[in-house]
Number of protein chains: 2
Amino acid sequence: MEMAQDRELVEQWRSIQSAYFRTAGAIDRELEARFNIGLNEFEILDLVADNADACRMKQLGQRTPMTQSALSKVVDRLQKAGLITRQSCEDDRRSLFLELTDAGRALHADAAVAHRTLLQENLSQTG
Amino acid sequence: MEMAQDRELVEQWRSIQSAYFRTAGAIDRELEARFNIGLNEFEILDLVADNADACRMKQLGQRTPMTQSALSKVVDRLQKAGLITRQSCEDDRRSLFLELTDAGRALHADAAVAHRTLLQENLSQTG
DNA sequence: TGTCATTAGATGACACGTCATATAGATTGA
DNA sequence: TCAATCTATATGACGTGTCATCTAATGACA
């Protein structure tokens, strides 16, 4: 026994899901194909690029819905790909500062253009 | 060199992401804790329950953003959990009809209440 | 009827996220 | 200064999604 109100809720939810999957999927495929990084990797690059000055893992954690451990692994991959550096921080040696490498900065610049374009294409859609 | 327009896009995207993760996470945790099924499992139960008469995998595939192979595995789990049956279909023996078991119907009834409640709680938030 | 293409669904290898935990450094208080 | 606790990050086991591919059934056309 469903009420009309429930239907609406479920519709709203499906529409969010659909927008999310469509958009995330499109971006992910394109970034993967052209730059060989996934959406999560890009989002971290993007956040680090935004914070011109060095940026702690902890702070990043607060700006993405990613888990701390997911974040740690994403940064691992970015580092292995030579796009980012982890430098331990003097005043608290548990912390790490993240910084883009030149390659990271270059890739980010290009990827960001693709990212914004795909956001525009996908978020404006109705369904 | 970001334009204001881009910022807005990115903001809109973050807000969708955030709504999606918050809501999906909350539902998933609750369903897992109380009914021992995940969000995707529930969504399939929900779709099958909706289609009172028997329902092909193929059709389901068109109503969820899930991959065909993901769907196949979700249905596997639902079947192993005794919530759903797969019956092969006479006029096209490649097709399968899905139907809820009594247990499946019972669980769905309870889980749907929790699901709608959590949708309401989460989708109304600002972000 | 025989071949070729197509379609429904299943499956295995792999990548990634999550949870629980480990590790190492910081902080507090006696 | 020692012990207890807390905090920042890393890691391993595990579950689930994805892609590519497989199988079996169907359809189409000669």
Judged by atom type as modelled, is there a donor-acceptor pair below 3.5 Å linking the side chain of [X] to the main-chain atoms of [Y]?
X	Y	value
A:S124	A:Q120	yes
A:T101	A:G104	yes
B:R77	B:E41	no
B:R22	B:N122	yes

Expressed as a whole number of angstroms, how long is the span from [X]:[atom1] to [N]:[atom2]?
X	N	atom1	atom2	answer
A:L71	C:dG17	CG	P	10 Å
A:E43	C:dC16	CD	P	15 Å
B:M57	C:dG9	CE	P	6 Å
B:E32	C:dC19	CD	P	10 Å
A:I44	C:dC16	CD1	C1'	14 Å
B:L78	D:dG15	CG	P	17 Å
A:R56	C:dA26	CZ	P	12 Å
A:E41	C:dC16	CD	P	6 Å

Find every protein N or O atom lying less than 3.5 Å from an N or O atom of nucleotides 26-28 of chain D, and list the pairs.
residue : atom : partner : partner atom : Å
D:dT26  : OP1  : B:R93   : N            : 3.2

Result for 5'-nearest mapping on DNA chain C, choosing between A:T67 and B:S69, is B:S69

D:dT16, OP1 or OP2 - any side-chain N/O from B:N40 closer than 4.0 Å?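 For B:N40, the contact criterion (side-chain N or O under 4.0 Å from OP1 or OP2 of D:dT16) is not met.
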
OP1, OP2 of C:dG17 versus side-chain N and O of A:R77: anything below 4.0 Å?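 For A:R77, the contact criterion (side-chain N or O under 4.0 Å from OP1 or OP2 of C:dG17) is met.
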
How long is the straight-line distance from CG of B:L31 back to CG of B:N36, given to the nearest 0.5 Å?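 One finds 10.5 Å between CG of B:N36 and CG of B:L31.
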
Within this structure, what is the OG1-CD distance for the pair B:T64 and B:E43, rounded to the nearest 0.5 Å?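 Nearest 0.5 Å value for the OG1-CD distance: 7.5 Å.
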
Among side-chain atoms of A:H108 and A:D46, is any donor-acceptor pair under 3.5 angstrom? yes

At a cut-off of 3.5 Å, list every protein nitrogen or oxygen paired with a nitrogen or oxygen from nucleotides 13-15 of chain C, distance to 0.1 Å.
residue : atom : partner : partner atom : Å
C:dA13  : N6   : B:K73   : NZ           : 3.4

Using a 6.0 Å cut-off, check whether atom CD of A:E90 has over 12 heavy atoms from anything other than its own residue.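 Count not over threshold, so no.
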
Got a sec: does the CZ of A:R105 have more than 12 other heavy atoms crowding it under 6.0 Å?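 Counting other residues, nucleotides and ligands, CZ of A:R105 exceeds 12 neighbours.
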
Identify which nucleotide among D:dT9, C:dA8, C:dA10 has an atom closest to any side-chain atom of A:L96, counting heavy atoms from C-beta outward. D:dT9

Nucleotide nearest A:K58 (side chain, heavy atoms from C-beta), chosen from C:dA8, C:dG17, D:dA8: D:dA8

On DNA chain D, check which nucleotide each of B:M66 and A:R86 is closest to and give me the residue with the more 5' one. A:R86

What residues, two or more places apart in sequence or in another chain, satisfy side-chain contact (heavy atoms from CB on, under 4.5 Å) together with A:A24? A:Y20, A:L39, B:W13

I'd like to know if B:Q68 reaches the base of C:dA8 with its side chain such that a donor and an acceptor end up less than 3.5 angstrom apart.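 Side chain to base: no pair present.
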
